[in-house]
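One structure is given below, encoded as structure tokens.
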Amino acid sequence: MEQYNPQRIEAKWQKFWEKKGFYKTEDSSKKPKKYILVEFPYPSGDGLHVGHVRSYSALDAVCRKKRMEGFNVLFPIGWDAFGLPTENYAIKNGIHPSAATGKNIANFKRQLKSLGLSFDWSREINTTDPEYYKWTQWIFLKLFEKDMAYQAEIPVNWCPSCKIGLANEEVVDGACERCHTPVGEKTLKQWMIRITKYADRLIDDLKNVDFPERVKSQEINWIGKSEGAEIKFKIVIGDTYDNLPVFTTRPDTLFGCTYLVLSPEHSLIENLKLKIENWDEVQKYRKEAKKKSELERTELTKDKTGVELKGIKAINPANNEEIPVFVADYVLSSYGTGAIMAVPAHDQRDFDFAKKYNLPIKIVVDDKERLVDSGKFNGMESDVAKWEITKFVGGKKTINYKLRDWVFSRQHYWGEPIPIIHCLKCGQVPVPEKDLPVELPYVEKYQPTGTGESPLAVITDWVNVKCPKCGGQAKRETDTMPNWAGSNWYYLRYLDPKNNKALADVKKIKYWMPLDWYNGGMEHTTLHLLYSRFVYKFLYDIGIVPSSEPYQKRTSHGMVLAEDNRKMSKSFGNVINPDDIVKKFGADSLRLYEMFMGPFDQAIAWSTNGLRGCYRFLNKVWQLQFKVKRDLVSHLETKSLSRLLHQTIKKVTEDIESLNYNTAISALMILVNQSDQITKNSFEILLKLLAPFAPHIAEELWSNLGNKNSIFEESWPKYDEKLMQEDKINLIIQINGKFRDKIEVEAEISEGEVKKLTLNREKVKQWVAGKEIKKIIFIKNKLINIVCAE
RNA sequence: GCCGCGGUGGUGGAAUGGUUUACACGAUUGACUUAAAAUCAAUUGACCGUAAGGUCAUGAGGGUUCGACUCCCUCCCGCGGCACCA
């Protein structure tokens with residue numbers, strides 16, 4: 001008897017599927033469409049991670065099932081290949097980034113193909129291909145044209161190790177997301193994208209999409225919308241006045257405001273230089289604040305510090321009281337107006353500061369959320385008082401966001417050149433569309449300069465160009481785009497990857513968009529996911545795409561941790577390489593195990609023993625074929641097998657939709673554990689249900705049964721609710737809600753009959769003896785509960 | 001501090017108002033084997049009991065209900081995100 005040998009069958013079927021072109025997708029079809037996508041990988045030098053396998057196997061299972069259900073399914077794949085890791089890898093290994101990329105892609109591709117995933121490889125894309133990034137640049141030009149991209153001299157997060165500016169989204173705990181070096185600050189002229197213009201829509205449109213709650217809340221949190229009021233305080237400077245606006249979310253506490261605080265960078269301070277009596281002290285404080293890193297300044301546990309601006313007073317507009325003004329670094333210049341009204345009684349930070357500097361603390365809202373000590377507003381509910389007081393002092397309702405405009409410049413070689421030309425006469429001139437792509441010049445020296453200038457700046461024959469407008473001397477922009485630029489819109493390019501007239505054909509976009517299901521990592525929620533939603537909305541506004549949200553449904557797979565429960569890492573030596581697993585156990589076992597290991601959205605530790613269990617299960621299925629082929633099986637399905645079979649079809653069908661892959665597979669295991677009753681028909685159905693998870697073995701066994709077509713050309717099994725019904729059921733007998741006995745009875749049995757049967761049972765009699773039966777609860781086909789007095 | 005998710009056997013987990021612990025792993029015993037591996041069979045929440053059986057267990061405490069892992073309240077712990085954002 002032939003043993004299960006995945007090495008012998010897997011490559012064979014992979015070739016077969018490829019040759020038959022099973023996964024080439026048509027752009028029009030009578031079938032309903034499903035566009036299903038996994039985040040395309042970054043082809044790093046480390047190769048494929050078992051975490052990739054989890055995401056891809058899951059969605060591959062969905063696609064295979066959907067095809068069997070009669071959908072026209074698009075399941076593409078490509079490479080997100082620009083960016084720092086490749087550049088660093090190239091520098092370290094002395095090979096050019098483009099060579100490194102090619103090498104890494106080849107390796108990834110081999111690995112993906114060894115898994116038997118049903119990608120449509122004919123649509124493969126690569127963000128570093130000029131034919132691709134031509135359109136990334138084109139989108140930038142559109143943003144520029146609509147005044148959504150602009151240059152600004154701003155302090156950016158600067159990673160001294162990567163020698164690059166970072167977006168806020170790329171800074172984690174004050175350190176570079178990638179190399180974990182603490183970031184500093186550097187003032188550079190940067191390209192910025194006005195993502196803040198879309199803040200409200202990025203929040204509001206989450207209502208219309210099917211995203212996990214944690215994803216939605218994380219995005220909403222990140223955008224950080226808060227509603228409040230801008231209130232002007234009069235600043236008394238000797239005998240003249242100035243106005244200072246502050247932002248507050250608690251205008252209801254205005255009567256409790258006992259001082260103002262300006263951030264050290266606030267422009268008013270400079271203007272008051274001559275009137276501030278302790279200028280030297282103030283100046284010293286501001287200098288020290290500037291020296292502190294962002295991380296130090298935002299250290300929560302640190303003591304609050306500040307200096308009063310002597311000789312300056314402010315007027316609380318609510319009660320006309322004179323209050324002091326401070327400069328303190330617990331107020332950020334970048335949020336609101338860079339100045340706050342301090343209400344120590346109702347804000348922890350103000351409270352800490354007031355305690356330290358002995359400032360008055362005045363309670364103005366009581367524990368029933370009503371105003372006290374607030375003049376004519378006493379007794380008013382604080383929610384109402386918010387806007388009444390704002391009106392009273394002539395303030396205005398204002399909304400603030402934590403979201404900042406997107407820093408879009410990178411001072412590195414391995415990225416898309418920003419297609420702008422700087423002309424002394426004409427200023428910033430977009431590269432004409434006909435001249436796209438602006439190709440990244442091939443150079444030998446691509447190390448970062450560290451000066452804040454891109455390595456492209458020294459390539460003079462590339463930098464110096466004629467101005468497209470006036471023909472005069474001009475220079476190219478030398479910054480490149482961040483690695484998020486190419487992934488912003490890649491799902492559109494899959495629809496029409498070879499189009500050289502447009503980023504994709506309108507008809508094709510209309511047919512496929514929005515995407516039906518997009519799976520990816522949680523770590524991209526406030527990066528790629530947010531950015532790409534924004535860019536799609538922009539494309540919608542300029543009429544390129546037909547809807548305002550790209551992804552109808554988003555799911556996120558949990559991380560696959562190492563067996564020791566830590567992250568897999570080369571330095572811990574705990575990395576599982578999918579190649580080794582495929583070699584030893586086969587792709588089917590690996591895929592099945594990763595689906596079975598636990599709930600899809602949860603982080604889970606790898607277990608090689610668990611994997612063995614799945615391998616054993618596939619072996620059992622393999623052995624079953626001989627029983628079927630030798631006709632050692634019964635030809636009549638028993639009632640109980642047919643019942644189990646239909647229950648299994650239902651379970652697997654529904655669980656694939658709802659991401660419950662682990663329970664779908666356990667249902668298949670239960671079916672196989674009952675295999676002593678198997679028939680040829682039920683074995684075939686088992687294979688079809690298994691096929692999305694373990695495609696190679698399913699195809700092999702299907703063909704071994706003598707079938708000439710592919711199992712994936714078969715239609716998905718249907719279940720019959722009627723055949724699922726049990727005709728005999730175990731009815732639970734409870735006494736006072738506790739399980740005491742059970743009886744096997746005909747399904748649909750009546751209450752009266754159950755009562756009679758139950759009360760006649762010896763066990764029940766014992767429990768009930770001498771007690772008064774107060775009531776009997778009967779749930780059809782489930783239980784009877786006899787409630788008696790204790 | 002705020003937001004989100006979670007806490008069930010030795011382990012991964014199942015059950016979303018009705019027999020807690022499906023399925024799998026591990027462990028123990030037995031069969032096959034010179035032996036091991038593989039495979040097959042049996043047992044496997046804790047406690048009491050020779051057994052029949054019983055008692056107790058879903059982070060802790062309370063509530064609703066005939067009945068709570070499941071719903072509600074209070075608290076504890078873990079994970080993830082945000083954070084001197086006024």
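In this text the structure is predicted, and so the values were computed from the model without any measurement. Sequence lines set the chain letters: A, B, ... in the order given, protein chains first and strands last, and positions in each chain run from 1.
Residue A:K738 places at least one side-chain N or O under 4.0 Å from the OP1 or OP2 atom of B:rC56.
Heavy-atom contacts from other residues, nucleotides or ligands closer than 6.0 Å to CE of A:M559 number 12 or fewer.
The nucleotide B:rG17 finds no pairing partner, because no Watson-Crick or G-U wobble arrangement with both distances shorter than 3.5 Å includes it. Look at B:rC71: its Watson-Crick or wobble partner, with both distances under 3.5 angstrom, is B:rG63. In a base pair of the Watson-Crick type (N1 to N3 plus N6-O4 or O6-N4) or a G-U wobble (N1-O2 and O6-N3), with each distance short of 3.5 Å, B:rC47 is matched with B:rG54. Using Watson-Crick or G-U wobble geometry with both donor-acceptor distances under 3.5 Å, B:rC5 finds its partner in B:rG78. Searching all strands for a Watson-Crick or G-U wobble partner of B:rU34 with both distances below 3.5 Å returns nothing. In this entry B:rU28 has B:rA42 as its Watson-Crick or G-U wobble partner, both defining distances falling under 3.5 Å.
Aromatic rings of A:F596 and A:F693 (six-membered ring for Trp) have centroids beyond the 6.0 Å cut-off, not under it.
With B:rA86, B:rC66, B:rU20 as the choices, the nucleotide that has an atom nearest any side-chain atom of A:V331 turns out to be B:rA86. Set against B:rG18, B:rC3, B:rC25, the side chain of A:R616 has B:rC25 as its closest nucleotide. Of the candidates B:rG54, B:rG13, B:rG18, the closest approach to any side-chain atom of A:N785 belongs to B:rG18. For A:I604, the listed nucleotide lying nearest its side chain is B:rG12; candidates were B:rC84, B:rU39, B:rG12. Among B:rA86, B:rG12, B:rU55, the nucleotide with an atom closest to any side-chain atom of A:Y335 is B:rA86. Listed nucleotides: B:rC23, B:rU55, B:rC66. Nearest to the side chain of A:N673: B:rC23. Listed nucleotides: B:rG13, B:rU55, B:rG4. Nearest to the side chain of A:N662: B:rG13. Counting only heavy atoms from C-beta on, A:F739 has its side chain closest to B:rU19 among B:rA86, B:rU19, B:rA14. Closest to the side chain of A:Y330, from the set B:rA22, B:rG13, B:rC84, is B:rC84. The listed nucleotides are B:rC3, B:rG54, B:rG13; the one nearest the side chain of A:Q602 is B:rG13.
Along RNA chain B, the nucleotide closest to A:R404 and the one closest to A:K651 are compared, and the more 5′ of them pairs with A:K651. Residue whose closest nucleotide on RNA chain B sits further toward the 5' end, between A:R612 and A:R740: A:R612.
When all heavy atoms are compared, the tightest approach of A:M341 to A:R250 is CE-O, 3.8 Å.
Interatomic distance, A:I649 CD1 to A:K651 NZ, rounded to the nearest 0.5 Å: 14.5 Å.
With a glycosidic angle no more than 90° from 0, B:rG9 adopts the syn conformation.
Put simply, CZ on A:F353 is 19 Å from P on B:rA86, counting in whole angstrom units.
Aromatic ring pairs are classed by plane angle as parallel below 30°, tilted from 30° to 60° and perpendicular above 60°; the pair A:Y335 and A:F247 is perpendicular.
With hydrogens and angles left out, the side-chain atoms of A:N609 and A:S607 include no donor and acceptor closer than 3.5 Å.
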